[in-house]
Amino acid sequence: MENLESKTRFIMKKYGISANKSLGQNFLINENVVNNIVNASNITKDDLVIEIGPGLGTLTEYLLEDAGEVIAIELDDRMIKILNDRFFMCNNFQVINEDVLKVDLAKLIKEEKLKHNLKNAKIVANLPYYITTPIIMKLLEEELDIDSITVMIQKEVADRLIAVPGEKQSGAITYSVYYYAESESVLIVDNDSFIPEPEVQSEVIKLNIRKEPVIKLENKDLFFKIIKISFMQRRKTLLNALVNGGVFKDKNQAKEVFEQVGLDLNVRGESLSMEDFAKLCQHI
Ligand code: SAM
């Protein structure tokens, strides 16, 4: 059986490709990992799959078998010819040569679902690690019409994304992810599953987009602003962080609100739950 490592090396040699580190290129060569990603993403012929960063097309080949339509978004021009050569026979494949951060995904999903009469849209990717956070935040904050996001990312970032708000691993992004999605860890991936090997450990995670918000927010912008400020000044008490961040005009005003909410004046932001932040937000 052809193994993925020799196939990948063969394609790289044939097209004269060396991995471009600045584009986060680490190509998957472990078939077991690819199968795990595909199984976790739970794709059917009713699905539109958007793959971010298809690279040489390793994961794409498997996605094409299961999905109704696959749209691959790749920034590196060199990959476009390879992908078109490999998949020109597949009538459910399209590639967009663009920076994913610049693509109007809401429009794309709406149009393609309609055109191909597909029920759901799902995102699947082995992400370029240098822009993991902006990509995930774009996918969540644009409130796209998608069911799930199954992605390989750095393990360290995964720990933060899928933590429960208020847990030790939480960061500001934990609260955003939790607000929009239910998350799960799929698989921890060894460095030798890629060429070249990344410098950090990897993990596949799945974010199932919530149909209903986990918490009702009257002012979403203020809610996430408070969380951001409190995590930017992690070592300070929440009260001081919010005074310094300009949320309150002075300490007295902050103390008054904290007392109304029933928050300890020395509490740190990282130990607050979503509900605590929402309550605080309502009183401000
Ligand atoms: N999917 C392939 C695999 O698993 O072997 C490659 C994954 S590699 C970690 C990340 C891919 O994302 C690379 O092909 C890279 O060129 C592409 N990429 C980097 N920045 C991008 C961007 N802003 N928009 C779209 N693709 C990007």
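First listed ligand is number 1; within each ligand, the first listed atom is number 1. Just so it is clear, the structure is predicted and the values come from calculations on it, not from any experiment.
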Checklist entry - Do the ring planes of Y180 and F224 sit parallel (below 30°), tilted (30 to 60°) or perpendicular (above 60°)? => result parallel
Checklist entry - If Ile, Leu, Val, Met, Phe, Trp and Tyr residues are connected whenever their side-chain heavy atoms lie under 4.5 Å apart, and connections chain through other members, are V100 and V157 in the same group? => result yes
Item to check | Amino acids in close contact with ligand 1, where any non-hydrogen atom sits under 4.0 angstrom away | outcome: L23, G24, Q25, N26, F27, L28, E51, G53, P54, G55, I73, E74, L75, D76, E98, D99, V100, N126, L127, P128, Y130, I131
Checklist outcome for this item: Residues passing the side chain to side chain donor-acceptor pair (under 3.5 Å) test with N32, sequence neighbours excluded, are N36
Next on the checklist: For A121 versus I109, what's the shortest heavy-atom pair and its separation?
Outcome noted: CB-CG2, 3.8 Å
Checklist entry - Between K81 and E74, is the closest basic N to carboxylate O distance under 4.0 Å? => result no
Item to check | L239 side, atom CG; K236 side, atom NZ - distance, nearest 0.5 Å | outcome: 12.0 Å
